Asker: 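For reference, the structure I am asking about is given below.
Keep in mind that this is a model prediction, so the values were computed, not measured. Values reported hereafter were calculated over all heavy atoms of this structure, with side chains retained and with hydrogens, waters and symmetry mates removed.
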Amino acid sequence: MTEPWLDIHPDFTLNGKHYTLAKLINLAEALQFEGDKEDKELAVFLLDWLYPKKTMLLKTSGTTGSPKSIELDKQSMMASAKATGIYFDLPAGTTALHCLSFNYIAGKMMFVRALVLGWHIEVVLPNRIPLSQTKNNFDFAAMVPLQVRESLSELHRIKQVIVGGAPVSEVLRQQLQEVPSRLYATYGMTETITHVAIKKLNNCSPEELEQQAYHALDNVNFSTDDRSCLVIDAPAVAPEPVVTNDMVELLSNTSFKWLGRADFVINSGGVKIHPEQVEQVLDLVIDAPFFISSLPDEALGQKVALVIEGDEDIFPEIDYVGLEPYEVPKEIFFVNEMKYTTTGKINREATLKGLME
């Protein structure tokens, strides 16, 4: 009996070519030895997926704690792929752009969706301007915010785009209101096999824009623990409830508003401040990479600090309209260059450490 993940959908194509199971294995073996870095990453994924073993080993991003390696069930990955197809109405024959690294769950799952659902997928380099590498139009794509920002003038070529990997800034969200494509922010992690909740970024009502709520996919429910952190019950993709470090405002058992990371919360004079909420306001007035952090303070316990990439001598004065008095930074630091994680996020801890040395 053939393992279900080895049943390649008959409509599946890769870069315009049909592939059977045997041809995919041959392709992967060839790319291992003859391809460039990205080709070899695709080869490693394909050989792992097409191996009879029931699970795949992946590294988590740290949403539920310290990064670690976990095994994901391939049939659960197939269930996740089918849930995406149903939610966004993406049947066999869907044209999809693959522009994410195969090293991470998001890149792997875009390809799994194509294999399982019978998509026509085109793979390009996972750089900041993926649409510059193709002249085709697409029904669906997954991108990180940086790729979306750098592709604003070309996004009309994709009907639906899901955006993940990092929060979408307020400036980018406003820019997306002029884009005819439908864009959605996703909430998920390796433990939930990518997204379990979706938030509209454009083509939505003023109420939806104001609420900024994530809504669950089918058969997913939410609750919170005693820290007000999100707990995800998604039996189709995770055998046990997933406890996160993300603090939320729970609106219902299928919707929530994301507030920020529990491990980033600043307790200043007894008031809990979410750096991500302050950053969302300042994003409208600071045109440079930055983040909010904290420093020890004798009177307050912790005080809000702002770290900006740039030259202090020429940086314009910052307008703090929209912030509560306790949210206004008490100290500002300038760095020549931020430090980043391998997934493109600002590494707050490493940047602060370099600043204090």
Side-chain angles (χ1 to χ4, degrees), residues 3 5-9 12-62 67-74 76-78 80-81 84 95-136 138 140-144 146-147 150-151 162 164-166 188-191 193-194 340-345 347:
E3 301 289 5
W5 55 88
L6 299 180
D7 291 332
I8 309 303
H9 196 291
F12 167 77
T13 66
L14 168 60
N15 294 341
K17 296 182 180 180
H18 283 277
Y19 283 89
T20 62
L21 174 61
K23 288 182 178 180
L24 269 182
I25 293 174
N26 289 339
L27 173 67
E29 290 175 343
L31 291 178
Q32 264 195 315
F33 300 103
E34 302 170 6
D36 57 20
K37 175 178 174 290
E38 285 74 22
D39 288 335
K40 290 177 180 178
E41 290 174 358
L42 170 58
V44 169
F45 160 73
L46 282 174
L47 292 173
D48 197 1
W49 179 258
L50 299 174
Y51 190 73
K53 186 179 179 183
K54 298 180 184 295
T55 60
M56 292 184 74
L57 188 66
L58 289 95
K59 290 185 177 180
T60 68
S61 62
K68 58 184 181 295
S69 295
I70 61 170
E71 283 193 314
L72 295 182
D73 182 77
K74 289 180 181 177
S76 295
M77 294 171 74
M78 293 176 68
S80 173
T84 297
T95 55
L97 175 67
H98 189 296
C99 56
L100 301 174
S101 171
F102 281 98
N103 284 330
Y104 302 102
I105 184 65
K108 296 178 194 295
M109 281 306 301
M110 271 299 292
F111 209 92
V112 170
R113 292 168 195 142
L115 291 169
V116 170
L117 301 175
W119 291 356
H120 303 322
I121 196 164
E122 181 175 345
V123 177
V124 299
L125 295 176
N127 63 20
R128 61 195 300 155
I129 46 173
L131 284 165
S132 68
Q133 303 172 59
T134 176
K135 295 182 179 179
N136 293 328
F138 300 92
F140 188 71
M143 293 184 175
V144 297
L146 175 62
Q147 291 173 321
E150 297 295 320
S151 304
I162 56 173
M189 60 213 68
T190 306
E191 293 90 332
I193 312 179
T194 66
Y340 291 87
T341 67
T342 56
T343 55
K345 300 177 185 178
N347 190 323

Asker: For residues Ser151 and Pro130, report the shortest heavy-atom separation together with the two atoms involved.
Answerer: OG-CD, 3.9 Å

Asker: Could you check whether any side-chain N or O of Ser80 sits under 3.5 Å from a backbone N or O of Ile193, counting only pairs where one atom can act as donor and the other as acceptor?
Answerer: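 At least one qualifying donor-acceptor pair exists.
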
Asker: If I compare all heavy atoms of Phe138 with all of Ala96, which pair ends up nearest, and what's the gap?
Answerer: CD2-C, 3.6 Å

Asker: Between atom CD of Gln147 and atom CG of Asn127, what is the distance when rounded to the nearest 0.5 Å?
Answerer: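 Atom-to-atom, Gln147:CD and Asn127:CG are 7.5 Å apart.
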
Asker: Ignoring hydrogens and geometry, is there a side-chain-to-backbone donor-acceptor pair from Trp49 to Trp5 under 3.5 Å?
Answerer: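 Indeed, once roles are kept as given, a pair shorter than 3.5 Å links the two residues.
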
Asker: Would you check if Met110 and Phe140 make a side-chain contact, meaning some heavy-atom pair closer than 4.5 Å?
Answerer: yes

Asker: Kindly compute the distance separating CG (Leu131) from CG (Leu97), expressed to the nearest 0.5 Å.
Answerer: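 Rounded to the nearest 0.5 Å, the CG-CG separation comes to 6.0 Å.
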
Asker: Restricting to non-hydrogen atoms, name the atom on His9 and the atom on Val116 that form the minimum distance, rounded to 0.1 Å.
Answerer: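 For His9 and Val116, the tightest heavy-atom pair comes out as CD2-O, 3.4 Å.
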
Asker: Determine whether a donor-acceptor pair (N or O, by modelled atom type, separation under 3.5 Å) exists between the side chain of Glu3 and the backbone of Lys74.
Answerer: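 Not confirmed, Glu3 side chain does not pair with Lys74 backbone.
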
Asker: Can you tell me which residue pairs pass the side-chain hydrogen bond (donor to acceptor under 3.5 Å, both in side chains) test with a partner in residues 17-32, sequence neighbours excluded?
Answerer: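 As it turns out, there is no side-chain hydrogen bond (donor to acceptor under 3.5 Å, both in side chains) pair with a partner in residues 17-32 once direct neighbours are skipped.
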
Asker: Tell me which donor-acceptor pairs under 3.5 Å the side chains of residues 39-47 have, and how far apart each pair is, sequence neighbours excluded?
Answerer:
{"unit_1": "Asp39", "atom_1": "OD2", "unit_2": "Asp36", "atom_2": "N", "d": "3.3"}
{"unit_1": "Glu41", "atom_1": "OE2", "unit_2": "Lys37", "atom_2": "NZ", "d": "2.9"}
{"unit_1": "Glu41", "atom_1": "OE2", "unit_2": "Asn103", "atom_2": "ND2", "d": "3.1"}

Asker: Is there a donor-acceptor contact under 3.5 Å from the side chain of Glu122 to the main chain of Thr134?
Answerer: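 No; zero donor-acceptor contacts below 3.5 Å.
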
Asker: How long is the span from the CZ atom in Phe102 to the CG atom in Asp48, to the nearest 0.5 Å?
Answerer: 12.5 Å

Asker: With side chains defined as the heavy atoms from C-beta onward, is the minimum distance between Ile8 and Leu50 less than 4.5 Å?
Answerer: yes

Asker: Any idea which heavy atoms bring Pro126 and Leu100 closest together, and the distance?
Answerer: CB-C, 3.7 Å

Asker: Enter the distance from Met109:CE to Leu115:CG here, rounded to the nearest 0.5 Å.
Answerer: 10.0 Å

Asker: Given 3.5 Å as the limit, does a donor-acceptor pair link the side chain of His120 with the main chain of Gly16, or not?
Answerer: no

Asker: Could you walk me through whether Thr194 and Arg113 pass the side chain to side chain contact (heavy atoms under 4.5 Å, CB included) check?
Answerer: CA-CA 12 Å; Thr194 66; Arg113 292 168 195 142; 3.2 Å; yes

Asker: Measure the CG-OG1 distance between Leu58 and Thr190 for me, rounded to the nearest 0.5 Å.
Answerer: 6.5 Å

Asker: Would a 4.5 Å heavy-atom cut-off, applied to side chains only, mark Leu117 and Thr84 as touching?
Answerer: no

Asker: What's the separation between atom CG in Leu14 and atom CD1 in Ile121, rounded to the nearest 0.5 Å?
Answerer: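 One finds 7.5 Å between CG of Leu14 and CD1 of Ile121.
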
